[in-house]
Amino acid sequence: MLARRPRPPTLRAARAVGCCEPGWRDAGEARGTGSVQSMASILPASNRSMRPDKNTYERKRSVYVKNPYLEGMDEDILYHLDLGTKTHNLPAMFGDVKFVCVGGSPNRMKAFAQFMHKELRLEGDGEDIEDICAGTDRYCMFKTGPVLSVSHGMGIPSISIMLHELIKLLHHAHCCDVTIIRIGTSGGIGIAPGSVVITDTAVDSFFKPRFEQVILDNVVTRSTELDKELANDLFNCSREIPNVPTLIGHTMCTYDFYEGQGRLDGALCSFSREKKLDYLKRAYRAGVRNIEMESTVFAAMCGLCGLRVVPMSANSVRLKTCKLL
Ligand SMILES: O=P(O)(O)O[C@H]1O[C@H](CO)[C@@H](O)[C@H]1O
Ligand SMILES: O=c1cc[nH]c(=O)[nH]1
C-alpha cells in the first residue's frame with residue numbers, strides 16, 4: 001500500500017457506506033445485514049496509474065468523457081437528471097464531489113445520504129435533504145458534503161443511462177479524484193446470508209470479465225477491470241466492523257433477475273432444478289460469489305471515464321454452501 005496523503009478536514013470524520021441503514025431493504029427482497037465501511041479510510045490514497053490515461057493523484061485524475069461531439073455542443077441537457085449546463089451552475093453545485101455512491105432504490109439512496117450527513121457531522125440533522133433530480137421521477141440524487149448518492153433503478157439499461165449523465169455531470173463540474181461505489185443487493189453463492197461482497201472482478205453470465213455493448217449494429221466488448229486497491233481498502237475497512245462478514249470475490253452481472261439468475265419462480269422457466277444447480281456450482285467454481293444486475297456496465301463505463309470504481313453488495317442467498325458439497 002502506498003503512503004496516504006493527508007485527508008481534507010471535512011472528510012476526516014467520514015464514516016460511510018451504511019448498507020444496513022433504514023431504507024436499505026427493498027420490499028420483497030429478503031436480505032441480511034449490510035455493512036458500514038469507513039470512507040475516511042478510502043480517501044484518495046494512491047499514486048498508482050489507472051485507465052484510461054495513466055494520470056496520477058499528484059496530477060489529479062479528472063473525470064473524462066470520450067465523445068468528440070460534446071465539446072462542440074452549445075448546451076448539454078442531462079435529461080433524466082433534470083439538469084443541464086445552461087440551466088444549472090454544475091461546477092458550483094457539484095465541483096467538490098469526491099465520492100459517488102449508487103444503488104437501485106431511491107429510498108435507500110436517500111437514507112444513505114442522511115446517514116452520511118450525520119457521519120460527516122454536517123450542519124443540521126440532514127432529514128430535510130432534497131432530491132436534486134426532483135423534476136424527474138427517473139432517478140433520485142442527494143448531495144451531502146463531498147458525497148453524492150444516486151439511485152439507478154434496476155438492470156444494465158437503467159444504470160447505463162444514469163451513468164452517461166452522471167459522468168457528464170462530473171465532467172462538466174470539473175470534478176477530479178472521484179471514487180464511485182455501487183452499494184447494492186445481490187444473491188450470494190456459497191457464502192453466509194447477509195455478508196457483503198466487495199467485487200474484485202465483474203463477470204458476465206458466461207463468467208467472463210467483459211461487458212458487451214451493442215453500438216449501432218456492432219457488439220463492442222469492454223473491459224470490466226476494477227480498482228483492486230479500492231477493493232482492498234474497503235475490505236480493510238470492513239475489518240473494523242464487527243458482525244458483518246465481508247469478502248472479496250467475483251460478481252456475476254445478469255440481464256435478468258429470473259431466468260438469467262436460474263430462478264425457478266419466474267413467469268417463464270425452461271430449465272430443471274438440476275440445471276440451475278449445475279450452473280450456480282459452475283459459477284462458484286469460476287470464483288463468482290454473488291449475482292446482481294449492474295456491475296459489468298458500471299465497471300466498464302466508470303473505468304473508461306477515469307473514476308475509481310468498485311461494486312459492493314450485501315446478499316441474500318441463492319446457493320447455500322451445503323449445496324456445493
Ligand atoms: O439492490 P439493487 O441496487 O437494486 O440491485 C439489485 O437488486 C435488483 C434486483 O432486485 C437489481 O438491480 C440488482 O442488481
Ligand atoms: O440481482 C439480484 C439482486 C438481489 N438478489 C438476487 O438474488 N439477485
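Keep in mind that this is a model prediction, so the values were computed, not measured. Position 1 is the first residue of the sequence, and the numbers go up from there. Ligands are counted one by one from 1 in listed order, and the atoms in each one are counted from 1 as well.
Inclusion of Arg318 in the set of residues having an N or O under 3.5 Å from an N or O of ligand 2 is not warranted. At a 3.5 angstrom cut-off on N or O pairs, Met293 counts as close to ligand 1. Residue-to-ligand polar distances place Arg108 within reach of ligand 1: an N/O pair is separated by less than 3.5 Å. Here's the thing with Arg263: one of its N/O atoms is less than 3.5 angstrom from an N/O atom of ligand 2. Residue Gly104 has at least one nitrogen or oxygen atom sitting less than 3.5 Å from a nitrogen or oxygen atom of ligand 1, judged on distance alone.
Near Gly184, with a cut-off below 4.0 Å to any heavy atom, the atoms of ligand 1 are 1 (O), 3 (O). Residue contact check: Gln261 has heavy atoms under 4.0 Å from atoms 1 (O), 2 (C), 6 (C), 7 (O), 8 (N) of ligand 2. Residue-ligand proximity, Gly187 to ligand 2, at heavy-atom distances under 4.0 Å covers atoms 4 (C), 5 (N), 6 (C), 7 (O), 8 (N). Shown in contact with Phe257 at under 4.0 Å from a heavy atom are these atoms of ligand 1, numbered in order with element: 9 (C), 10 (O). For ligand 2, the atoms lying closer than 4.0 Å to a non-hydrogen atom of Ile291 are 1 (O), 2 (C), 8 (N). Residue contact check: Glu292 has heavy atoms under 4.0 Å from atoms 14 (O) of ligand 1.
Proximity of Leu307 to Val63: side-chain heavy atoms (C-beta onward) are separated by under 4.5 Å at one or more points.
With no hydrogens or angles considered, a side-chain donor-acceptor pair links Asn315 and Ser195 at under 3.5 Å. Gln261 and Thr254 share a side-chain donor-acceptor pair at under 3.5 Å. For the residue pair Asp82/Thr136, the side-chain donor-acceptor check at 3.5 Å is not satisfied.
Of the charged side-chain nitrogens involved, at least one lies within less than 4.0 Å of a carboxylate oxygen, so that Asp76 and Lys168 count as a salt-bridged pair. Comment: Lys143 does not engage Asp131 in a salt bridge, judged by the lack of any side-chain N to carboxylate O separation of less than 4.0 angstrom. Salt bridge Arg308/Asp177: absent, no basic N to carboxylate O contact under 4.0 Å. Using a cut-off of 4.0 Å between Lys/Arg side-chain N and Asp/Glu carboxylate O, Glu127 and Lys110 are scored as not salt-bridged.
Not less than 6.0 angstrom separates the ring centroid of Tyr284 from the ring centroid of Tyr279.
Of all the heavy atoms of Thr254, none lies under 4.0 Å from any atom of ligand 2, so neither backbone nor side chain is involved.
Taking only non-hydrogen atoms, the option from Glu294, Gln261, Arg182 nearest to atom 3 (O) of ligand 1 is Arg182.
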